[in-house]
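Position 1 is the first residue of the sequence; numbering continues from there.
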Amino acid sequence: MVDGLPVLDEGERIRYSRQLIIDGFGEGAQQRLKRAKVAVVGVGGLGSPAITYLTLAGVGQITIIDPDPVDFTNLNRQWLHWEKDESHPKVCSAREKLKQMNGHVKIEVQQESLDHKNADWLLKGAEVVLDCLDNWQARMELNDHCVRTRTPLVHGAVEGMRGQLTTVVPGRTPCLRCLLERVPEKRGAMPILGAVAGMGGSIQASEAIKVLTGLGDPLLGRMFLFDLGAMEFELIELERKRGCPSCGDIQ
């Protein structure tokens with residue numbers, strides 16, 4: 001340990017050599033990743049690429065949270081789950097693959113539905129949380145926890161051929177409740193192409209890495225919208241909502 005950061009061994013320097021030479025990255029950023037603890041809520045279409053790239057990048061500890069078993073309808077987009085995994089817990093299916101990708105990373109699993117009652121212990125110690133959920137009620141409860149604990153939240157949502165992403169830093173940026181007047185009602189099966197979820201989850205991983213290392217400019221106060229059907233991309237400015245029930249009192 002040097003200056004509070006873990007030392008990289010020679011194997012890690014070789015493994016991460018291509019990211020160590022990115023301008024502004026270097027060994028210090030890799031050490032910060034090795035020290036970091038990240039939580040990913042949802043191990044599906046967004047969670048699969050997000051967790052994979054965080055693991056490959058060398059984030060030291062990742063907690064993955066999801067209550068569901070693998071279903072065959074997941075397999076068009078959730079690449080951490082294979083045919084043999086049907087009916088097995090998603091968190092266990094994911095951990096099996098991730099441990100084979102990078103033995104340096106500690107993967108913790110929680111087969112739980114996150115809510116306001118258990119969020120504190122499920123997310124304890126997380127420096128960044130990724131919202132890889134597929135329903136807005138759970139997203140709002142996750143948002144409220146992150147605002148209350150001042151934990152950065154990387155939000156992603158996809159449907160059909162479209163997606164949206166933003167990074168919430170409580171006290172600095174709008175939160176998810178600033179953006180929605182009310183929580184959308186739950187619907188039936190959501191249409192989604194796997195490649196769309198893959199793009200969204202990959203960007204979420206890069207956002208988390210930027211927050212942890214200081215590399216680049218995260219999507220703070222901005223939302224990235226994409227439509228792969230039309231190949232259209234848009235970056236819009238966001239504003240905090242006066243009187244927001246979640247972050248209105250946060251300075």
Side-chain angles (χ1 to χ4, degrees), residues 38-59 61-103 105-115 122-123 126 128-139 141-142 153-167 176 184 186-209 224-229:
V38 172
V40 180
V41 188
V43 190
L46 289 168
S48 287
I51 302 164
T52 295
Y53 285 117
L54 292 173
T55 300
L56 295 177
V59 171
Q61 183 173 326
I62 305 172
T63 299
I64 56 179
I65 302 163
D66 196 301
D68 294 332
V70 177
D71 185 87
F72 254 43
T73 62
N74 304 146
L75 301 186
N76 79 315
R77 63 199 182 281
Q78 301 181 17
W79 71 49
L80 285 176
H81 313 307
W82 301 347
E83 291 181 359
K84 71 178 182 64
D85 300 316
E86 186 183 20
S87 300
H88 293 174
K90 286 186 180 181
V91 291
C92 297
S93 167
R95 179 175 58 183
E96 175 193 354
K97 320 302 190 310
L98 296 167
K99 288 175 67 176
Q100 296 178 64
M101 293 180 193
N102 192 345
V105 176
K106 182 179 180 181
I107 305 293
E108 294 190 344
V109 302
Q110 297 288 351
Q111 191 182 0
E112 299 279 351
S113 292
L114 185 139
D115 58 33
L122 286 177
L123 302 174
V128 178
V129 176
L130 277 67
D131 161 22
C132 298
L133 290 159
D134 61 2
N135 76 86
W136 281 98
Q137 184 59 50
R139 280 196 175 102
E141 295 194 2
L142 180 59
L153 173 67
V154 181
H155 161 70
V158 289
E159 182 172 352
M161 300 288 284
R162 298 174 296 167
Q164 65 180 45
L165 301 110
T166 190
T167 294
L176 298 186
K186 291 188 70 172
R187 298 183 297 169
M190 181 183 68
I192 182 67
L193 183 69
V196 176
M199 178 172 173
S202 297
I203 295 174
Q204 285 185 279
S206 70
E207 284 291 291
I209 290 168
F224 176 59
L225 305 171
F226 65 90
D227 183 339
L228 295 190

With [X], which residues qualify under ring-ring contact (aromatic ring centres under 6.0 Å, His included), at least two apart?
X: His81; value: none
X: Trp79; value: none
X: Phe226; value: Phe224

[X]: salt bridge (Lys or Arg N to Asp or Glu O under 4.0 Å) partners, not counting sequence neighbours:
X: Glu112; result: none
X: Lys106; result: Glu108
X: Asp131; result: Arg139

Requested in this report: Apply side chain to side chain contact (heavy atoms under 4.5 Å, CB included) to Ser113 and list each qualifying residue two or more places apart in sequence or on a separate chain.
Outcome: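 For Ser113 the side chain to side chain contact (heavy atoms under 4.5 Å, CB included) partners, ignoring immediate neighbours, are Pro67.
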
Requested in this report: Can you sort out the partners of Pro89 under side chain to side chain contact (heavy atoms under 4.5 Å, CB included), two or more places apart, ordered by chain and number?
Outcome: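 Pro89 satisfies side chain to side chain contact (heavy atoms under 4.5 Å, CB included) with Val91, Cys92, Gln111 only.
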
[X]: what forms a side-chain hydrogen bond (donor to acceptor under 3.5 Å, both in side chains) with it, not counting sequence neighbours?
X: Glu96; answer: Lys84
X: Thr73; answer: Asp71
X: Asp115; answer: none
X: Glu141; answer: none

